[in-house]
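Taking it in order: structure first as structure tokens, then the write-up.
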Amino acid sequence: MLRYTTAIALAMLLAACGQGLNWREVRFEGQPDRVLLPCKPEQAERKVPLGDQSAQLQMKGCEAQGLQFTWSQLELPPNASPERVMTAWQKASLTSLGADIQQAKQAQALSLKGADAEPAATQLDARAISGQQAHFVWWARGHRAYQLAIYSNRDPIAKGVIQNLMEGIELP
């Protein structure tokens, strides 16, 4: 019976991942936090404005099966309110997607073990006028803020892919 249950669970996992999604552990250098991405990510860095301050954004991203996956972090500027930074980041993400920033009000609180309680971790499914869609997750931890996202020109993003992404967040 155990073999049968294991075989079914493995088959379900493979179906959720789909061919071409080779999930792997990804970390930012020198940090214990990790996520799973389904492809080998490339890296980028840039300064981003945060109201009257700016912060250095680090991003890891890749593309697999027509989906784009990104994991980003930024160090909170001195005396910056984490809640204000997260709100600004949500609006900037929606603007970049080409979505109505009013969708930010639909962000749902998320229980994410290891993330700071304030501001609460949130997730949001957003759609641009062009039809492109995204699933975003934002959280803060210590003096950093994070965003994990999946972008798709297809409709919809498979629930199994979102679930694998969410289950792959580890904040020790």
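In this text the structure is predicted, and so the values were computed from the model without any measurement.
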task: Start with the C-alpha gap between Gln43 and Gln58, add the side-chain angles, then the distance that decides, and say whether side chain to side chain donor-acceptor pair (under 3.5 Å) holds.
output: CA-CA 7 Å; Gln43 301 181 78; Gln58 295 179 309; over 6 Å; no
- request: For residues Cys39 and Glu63, determine if any side-chain heavy atom of one lies less than 4.5 Å from a side-chain heavy atom of the other.
  value: no
field: Residues that Thr70 engages under side-chain hydrogen bond (donor to acceptor under 3.5 Å, both in side chains), provided they are two or more places apart
entry: none
- prompt: How far does CH2 of Trp23 sit from CG of Leu37, to the nearest 0.5 angstrom?
  reply: 7.0 Å
query: What pairs with Glu25 under side chain to side chain contact (heavy atoms under 4.5 Å, CB included), at least two apart in sequence or on another chain?
result: Arg27, Arg34, Leu36
query: At what distance, to the nearest 0.5 angstrom, does SG of Cys62 lie from CZ of Phe69?
result: 6.5 Å
message: Show every salt bridge (Lys or Arg N to Asp or Glu O under 4.0 Å) that has at least one partner inside residues 93-109, sequence neighbours left out.
response: none
- prompt: What residues, two or more places apart in sequence or in another chain, satisfy salt bridge (Lys or Arg N to Asp or Glu O under 4.0 Å) together with Arg84?
  reply: none
message: Using 0.5 Å steps for rounding, measure from the NZ atom of Lys60 to the NZ atom of Lys40.
response: 10.5 Å
message: Within this structure, what is the CE-CG distance for the pair Met86 and Leu74, rounded to the nearest 0.5 Å?
response: 9.0 Å
- request: Could you tell me which non-hydrogen atom of Ala126 sits nearest to which non-hydrogen atom of Leu94, and how far apart they are?
  value: CB-CD2, 3.4 Å
task: Could you please spell out the steps behind the side chain to side chain donor-acceptor pair (under 3.5 Å) verdict for Ser152 and Gln132?
output: CA-CA 6 Å; Ser152 175; Gln132 185 180 29; over 6 Å; no
message: Can you tell me how far apart CH2 (Trp139) and CG (Asp116) are? Round to the nearest 0.5 Å.
response: 12.0 Å
query: In terms of side-chain heavy atoms, does Gln56 have a donor or acceptor partner in Glu75 at a distance below 3.5 Å?
result: no
message: Once side chain to side chain contact (heavy atoms under 4.5 Å, CB included) is applied, do any residues pair with Thr122, and if so which ones, sequence neighbours excluded?
response: Gln90, Ala107, Trp138
query: salt bridge (Lys or Arg N to Asp or Glu O under 4.0 Å): which pairs involve residues 119-139, sequence neighbours left out?
result: Arg127-Asp155
- prompt: If you round to the nearest 0.5 Å, how far is CG of Leu67 from CG of Asn153?
  reply: 9.5 Å
